[in-house]
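Okay, so here's the structure we're looking at.
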Amino acid sequence: MADQNGGVAICPGSYDPVTYGHLDIIARASRVFDTVVVGVVNQPVRKPTTLFTAQERRDFLLQATEKLANVKVDVFDTLLVDFARKHGAGALVKGLRAISDFEYEFEMNQLNRKLAADIESVYLMASPEYSFLSSSGIKELATFGAEIEDLVPPYVAEALHDRLSRDAK
Ligand code: ADP
């Protein structure tokens, strides 16, 4: 990690939408690094269509992190390492839930390392209470009108129910 920029870390993701699992990782990263930039991928390659626009995903994150003074939110549409350089970041912080996350992250780590060996990737283990939680799982629950209030902030739950609930129309 380069000495001059080790204080800034990026937490990248599609955040479609943000969950308490993401927020747990962001809050923990904010206690380790001086500044955390939550990087919202505009058009995720792995998920060509998103339920919420980049602006909506960003606004949910801004609201959810407003009490964390050293956390910023920014949307990006470039290579992750270029986004990290733009913010002077020395680290990428990712959350790891299970073996499936590990395989993907291992591959991405090798690619990012090849592109930018000076930017270190750091992995935080999911907290047990959120280790089963994913944005896609949340969308599935909301589609069938399940309770999601313990898993996402209230305004996200409301937006999900509005957009997905089969009883809505
Ligand atoms: P998802 O897989 O839920 O669609 P993203 O692509 O937005 O999430 O992931 C952004 C980052 O947050 C990734 O590093 C991912 O591993 C991490 N993450 C997502 N959900 C959780 C969770 N419940 N606990 C810990 N980390 C998580």
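Every number for a ligand or one of its atoms is a count from 1 in the order of the listing.
The heavy-atom pair separating Thr50 from Asp16 by the smallest distance is CA-OD2, 3.3 Å. Between Ile119 and Ala89 the shortest heavy-atom distance is CG1-O, 4.0 Å. For Arg28 against Ser127, the heavy-atom pair with the smallest separation is NH1-OG, 3.3 Å.
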What are the atom names and distances for all N or O pairs under 3.5 Å between ligand 1 and the protein?
from: ligand 1; atom 1: 2 (O); to: Arg97; atom 2: NH2; distance (Å): 3.0
from: ligand 1; atom 1: 3 (O); to: Ser135; atom 2: N; distance (Å): 2.9
from: ligand 1; atom 1: 3 (O); to: Ser135; atom 2: OG; distance (Å): 3.4
from: ligand 1; atom 1: 4 (O); to: Lys47; atom 2: NZ; distance (Å): 2.9
from: ligand 1; atom 1: 6 (O); to: Ser14; atom 2: OG; distance (Å): 3.3
from: ligand 1; atom 1: 6 (O); to: Lys47; atom 2: NZ; distance (Å): 3.1
from: ligand 1; atom 1: 7 (O); to: Ser14; atom 2: N; distance (Å): 3.0
from: ligand 1; atom 1: 7 (O); to: Tyr15; atom 2: N; distance (Å): 2.9
from: ligand 1; atom 1: 7 (O); to: His22; atom 2: NE2; distance (Å): 3.2
from: ligand 1; atom 1: 8 (O); to: His22; atom 2: NE2; distance (Å): 3.1
from: ligand 1; atom 1: 14 (O); to: Gly95; atom 2: N; distance (Å): 3.0
from: ligand 1; atom 1: 16 (O); to: Gly95; atom 2: O; distance (Å): 2.6
from: ligand 1; atom 1: 20 (N); to: Arg97; atom 2: NH1; distance (Å): 3.1
from: ligand 1; atom 1: 23 (N); to: Tyr130; atom 2: O; distance (Å): 2.8
from: ligand 1; atom 1: 23 (N); to: Leu133; atom 2: O; distance (Å): 2.9

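Tyr104 belongs to a hydrophobic cluster whose other members, connected by ILVMFWY side-chain contacts under 4.5 Å either directly or through intermediates, are Met108, Leu111.
Within a 6.0 Å radius of NZ in Lys139, more than 12 heavy atoms belonging to other residues, nucleotides or ligands are found.
Side-chain contact between Phe52 and Arg163 is present, with at least one heavy-atom pair separated by less than 4.5 Å.
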